[in-house]
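One structure is given below, encoded as structure tokens.
What you are looking at is a predicted structure, and each value in this text was computed from that prediction instead of being measured. Sequence lines set the chain letters: A, B, ... in the order given, protein chains first and strands last, and positions in each chain run from 1.
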2 protein chains.
Amino acid sequence: MCCESRFLEALHDRGLRLTPQRERILAILHEMDGHATAEQIYERIVAQNPSMDISTVYRTLELLQMLQMVGCIDVGGQRRYELLSLHGAHHHLYCRICGQLLRVEAQEMQPLIEHLAQLSGFEADPEHLIIPGLCEECRHRVAVSP
Amino acid sequence: MCCESRFLEALHDRGLRLTPQRERILAILHEMDGHATAEQIYERIVAQNPSMDISTVYRTLELLQMLQMVGCIDVGGQRRYELLSLHGAHHHLYCRICGQLLRVEAQEMQPLIEHLAQLSGFEADPEHLIIPGLCEECRHRVAVSP
DNA sequence: GTAGATGCAAATGTTTTGCAACTAG
DNA sequence: CTAGTTGCAAAACATTTGCATCTAC
């Protein structure tokens, strides 16, 4: 796990503590490799440790966001979290049929971002844009049965 | 009101009915000119007609979305609705400091959409994309006081 | 020992649903 | 008339909070 020592240090700097629950949540975030909901993280942990509470998951995710270790995106009325250290800067394609999230490298969006800046002085975030649409499979499925 | 007759026709085609509640919600959507939450629409109506229920607002908004007369975007954990007939196809720039939504013509995004289709077979929605970032004013304000 | 963290239960806020009563066509 | 619609109340979600208990340090 690449960032546990960073976590520990960040906690200590603030007078906060490394608990087994926090370790477990960080480990799960590594395992899941992105786009997990709080509920999904919680379920994985409860399987082994039934006493874990979902409020602890939320509190830890909030903490990790504050420490800039976890990013959060808001799709389809729910939040999904991912460890920032696992992937480079990227955006998301959100399939509004199957709910799948695809990653797109940040650079693919660069021309658009420059265009918008020129057009209206708007400085688009260089990461975590969510583009809704249809993924390839769902697009075909819809085309076949209209 | 430009689209009431279209609404009536679409309803009749499906054996559905035009009720005073549906008329009222459509009228409010015209008045509000975009980006209203269900709660905001509900409040406006309750002021004159206290018996209206918010579930009727949700049901009508869902219906209008199904009829492609209303679009829905998901920003900052809440949904906002707008009448599609009021503006041409467009996307949104969402300033995450002041919360303002700016409209961008759909054509400005066309090159990106084609690029994504080529890259991963993803068919991005031609409308209602939300791009978070900083509007010109907030960008300057932030630059001055870091 | 003690500030900080946890688990529990209950509150929150938003959206959805079941259902009996009502009404547009 | 009657299928569709409404208002109401309650459920369903996702998320947050208050608090007594517990624990990392």
Answer yes or no: is there a donor N or O on one side and an acceptor on the other, between the side chain of B:Asp53 and the main chain of B:Ser55, under 3.5 Å?
yes
B:Gln21 side-chain N/O to C:dT23 phosphate OP1/OP2 under 4.0 Å
no
Closest-nucleotide 5' rank along DNA chain D - winner of B:Ser51 and A:His12:
B:Ser51
How long is the line joining CG of B:Leu61 and P of C:dT15, in whole Å?
10 Å
Would you kindly give the CD1-to-P distance between B:Ile41 and C:dT14, to the nearest whole Å?
14 Å
Taken to the nearest whole Å, CG/A:Leu18 to C1'/C:dA3 is 16 Å
Side-chain N or O of A:Thr19 versus OP1/OP2 of C:dG4: is the shortest distance under 4.0 Å?
no
I'd like to know if A:Arg22 reaches the base of C:dA5 with its side chain, counting only an N/O donor and acceptor under 3.5 Å.
no
Short question: side chain of A:Gln40, backbone of A:Thr37 - any donor-acceptor pair under 3.5 Å?
yes
In whole Å, I'd like the distance from the CG atom of A:Asp13 to the P atom of D:dC25.
14 Å
5' precedence on DNA chain C between A:Pro50 and A:Arg17 (nearest-nucleotide basis)
A:Arg17
Atom CG of B:Leu11 and atom P of D:dT5: how far apart are they, to the nearest Å?
8 Å
Any donor and acceptor pair, going by atom type alone, linking the side chain of A:Gln118 with main-chain N or O of A:His115 inside 3.5 Å?
no
Tell me, for nucleotides 9-21 of chain D in 5' to 3' order, what letter each nucleotide earns: B for a base near a protein heavy atom under 4.0 Å, S for only sugar-phosphate near one, - for neither?
-----SBBBB---
Quick one: does A:His140's side chain have a donor or acceptor within less than 3.5 Å of a partner on A:Cys138's backbone?
no
Is it the case that atom CD in A:Glu62 sees more than 12 heavy atoms from other parts of the structure closer than 6.0 Å?
no
What is the distance, to the nearest angstrom, from the CG atom on A:Leu8 to the C1' atom on D:dA24?
12 Å
Is there side-chain contact between B:Cys3 and B:Leu26, with at least one heavy-atom pair below 4.5 Å?
yes
Using whole Å, report how far CZ of B:Arg24 lies from P of D:dT6.
14 Å
Expressed as a whole number of angstroms, how long is the span from A:Glu23:CD to C:dA5:P?
14 Å
Could you point out which residue of B:His90, B:His91, B:His87 forms a ring-ring contact (aromatic ring centres under 6.0 Å, His included) with B:His128?
B:His90
